[in-house]
Novice: 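Have a look at the structure that comes next, please.
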Amino acid sequence: MPKAVATEFFAEPTLDVAPRLIGMVIEANGVSGRIVEVEAYTNDAASHAFRRTARSAIMFDTYGHVYVYFIYGTNYCLNFTTECHHVGAVLIRAVEPLSGISLMQERRGLENVRLLCNGPGKLCKAFGIDLAFTGSAVGDEIRLYHGRAKAIATGPRIGITKAMDLPWRFWEEGNLFVSRKR
DNA sequence: TACTGGATTCACT
DNA sequence: GTGAATCCAGTAA
């Protein structure tokens, strides 16, 4: 049996938690997948963590909880809150489908497995995740397990926002490269 | 109360 | 490569 991730895992600094999420297995609503791309959000003007509001308060008050927000009128984005006594969250940007693929295909209306979860909005749709999941503890409705196999779908990728510099910086396979926001 | 913009996606050219 | 879709949260008045 895979080992479930403890809530205390998320109490660490966001920038430490984010890379360790790569390769872990997320399970919800009868489907599962391996995390291959994440983005860390700390107290940064480009993120919801910059200003405390009713929506973002969960990032200030909790760690190891689910934060889902709705974007562009069409998509949901899945975050896990981090850091004890400090604001932070990690956005799950892409996963590699592992089980329940037919269910994902049905939810997405798409056959190509590589395209099922290769984006934050896409994976939420494939996993059936929406705003109702916000506030639940990781391990409750959405479960997270330590994975072993190396991610292969899009390649492991970690992003960290830093609004005062360039919007996004990505590290891939040990090499730094920069991706400007559109 | 009304207005504005967004951590995206997808169809179309 | 470009632009529309679409609706919620935040902000201003």
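Atoms considered below: every heavy atom in the structure, side chains included; atoms not considered: hydrogens, waters and symmetry mates. We name chains A, B, ... by the order of the sequence lines, and we start the count at 1 in each one.
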Novice: Which protein N or O atoms sit under 3.5 Å from an N or O of nucleotides 4-6 of chain C?
Specialist:
from	atom 1	to	atom 2	distance (Å)
C:dT6	O3'	A:Gly73	O	3.3
C:dT6	O2	A:Tyr72	O	2.4

Novice: With sugar-phosphate meaning primed atoms plus P, OP1 and OP2, does A:Arg108 contact a base, only sugar-phosphate, or nothing at under 4.0 Å between heavy atoms?
Specialist: sugar-phosphate
Novice: Any chance the rings of A:Phe80 and A:Phe10 have centres within less than 6.0 Å?
Specialist: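 Yes, ring centres under 6.0 Å apart.
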Novice: Check the pair A:His86 / A:Tyr63 against side-chain hydrogen bond (donor to acceptor under 3.5 Å, both in side chains), numbers first and verdict last.
Specialist: CA-CA 9 Å; A:His86 199 272; A:Tyr63 60 90; over 6 Å; no
Novice: Excluding sequence neighbours, so at least two apart, what forms salt bridge (charged side-chain N to carboxylate O under 4.0 Å, His left out) with A:Asp140?
Specialist: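 A:Asp140 satisfies salt bridge (charged side-chain N to carboxylate O under 4.0 Å, His left out) with no other residue.
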Novice: Could you label the plane-to-plane angle of the A:Tyr76 and A:Phe70 rings as parallel, tilted or perpendicular, counting under 30° as parallel and over 60° as perpendicular?
Specialist: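 Geometry flag for A:Phe70 against A:Tyr76: tilted rings.
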Novice: So, taking the atom named NE2 in A:His146 and the one named NZ in A:Lys3, what distance separates them when rounded to the nearest 0.5 Å?
Specialist: 5.5 Å
Novice: If we require ring centres under 5.5 Å and near-parallel planes under 30°, does A:Tyr41 stack on B:dA7?
Specialist: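 According to the criterion (under 5.5 Å, under 30°), yes, A:Tyr41 stacks.
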Novice: Which heavy atom of A:Val95 sits nearest to which heavy atom of A:Gly33, and what is that distance?
Specialist: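 Result for this residue pair: CB-C, 4.3 Å.
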Novice: Hey, does A:Asn79 have a side-chain heavy atom less than 4.5 Å from the side chain of A:Ile58?
Specialist: no
Novice: Side-chain contact test, heavy atoms from C-beta onward, threshold under 4.5 Å: evaluate it for A:Lys122 versus A:Leu116 and give yes or no.
Specialist: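 The answer is no, as the side chains (C-beta and beyond) never meet within the 4.5 Å cut-off.
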Novice: Measure from OH on A:Tyr76 to P on C:dC7 and round the result to the nearest Å.
Specialist: 9 Å
Novice: To the nearest Å, how far apart are A:Leu91 CG and B:dG6 P?
Specialist: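 In whole Å, B:dG6 P lies 17 Å from A:Leu91 CG.
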Novice: What parts of residues 120-137 of chain A reach DNA chain B, counting only heavy atoms under 4.0 Å away?
Specialist: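 Output list: A:Pro120, A:Gly121, A:Lys122.
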Novice: Nearest whole angstrom, please: distance from the P of C:dA9 to the CZ of A:Arg55.
Specialist: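 These atoms are roughly 7 Å apart.
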Novice: Would you please name every residue forming a side chain to side chain contact (heavy atoms under 4.5 Å, CB included) with A:Ser32, sequence neighbours left out?
Specialist: A:Val25, A:Glu27, A:Leu98, A:Ser99
Novice: Provide, to the nearest angstrom, the distance between the CG atom belonging to A:Leu115 and the P atom belonging to B:dT8.
Specialist: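 The answer, rounded to whole Å, is 17 Å.
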Novice: Salt-bridged, A:Arg52 to A:Asp61, with N to O below 4.0 Å?
Specialist: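 Answer for the salt bridge query: yes.
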Novice: Write out the stems for DNA chain C, ordered by first number and formatted as range with range, counting runs of at least 3 consecutive Watson-Crick or G-U wobble pairs under 3.5 Å.
Specialist: B:1-6 with C:7-12, B:8-12 with C:1-5
Novice: Over how many whole Å does the gap from A:Ile92 atom CD1 to B:dT8 atom P extend?
Specialist: 14 Å
Novice: Give the rounded distance in Å between these two atoms: CD1 of A:Ile71 and C1' of B:dT8.
Specialist: 7 Å
Novice: Is there a side-chain contact between A:Val90 and A:Tyr41 (heavy atoms, below 4.5 Å)?
Specialist: no
Novice: Taking only nitrogen or oxygen atoms into account, show me every contact under 3.5 Å that the protein makes with nucleotides 11-13 of chain C, one pair per line with its distance.
Specialist:
from	atom 1	to	atom 2	distance (Å)
C:dT11	OP1	A:Arg51	NE	3.2
C:dT11	OP1	A:Arg51	NH1	2.9

Novice: Does CD in A:Glu106 sit with more than 12 non-hydrogen atoms of other residues, nucleotides or ligands closer than 6.0 Å?
Specialist: no
Novice: Any non-hydrogen side-chain atom of A:Val36 less than 4.5 Å from a side-chain atom of A:Ile22?
Specialist: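 No; the side chains remain at least 4.5 Å from each other.
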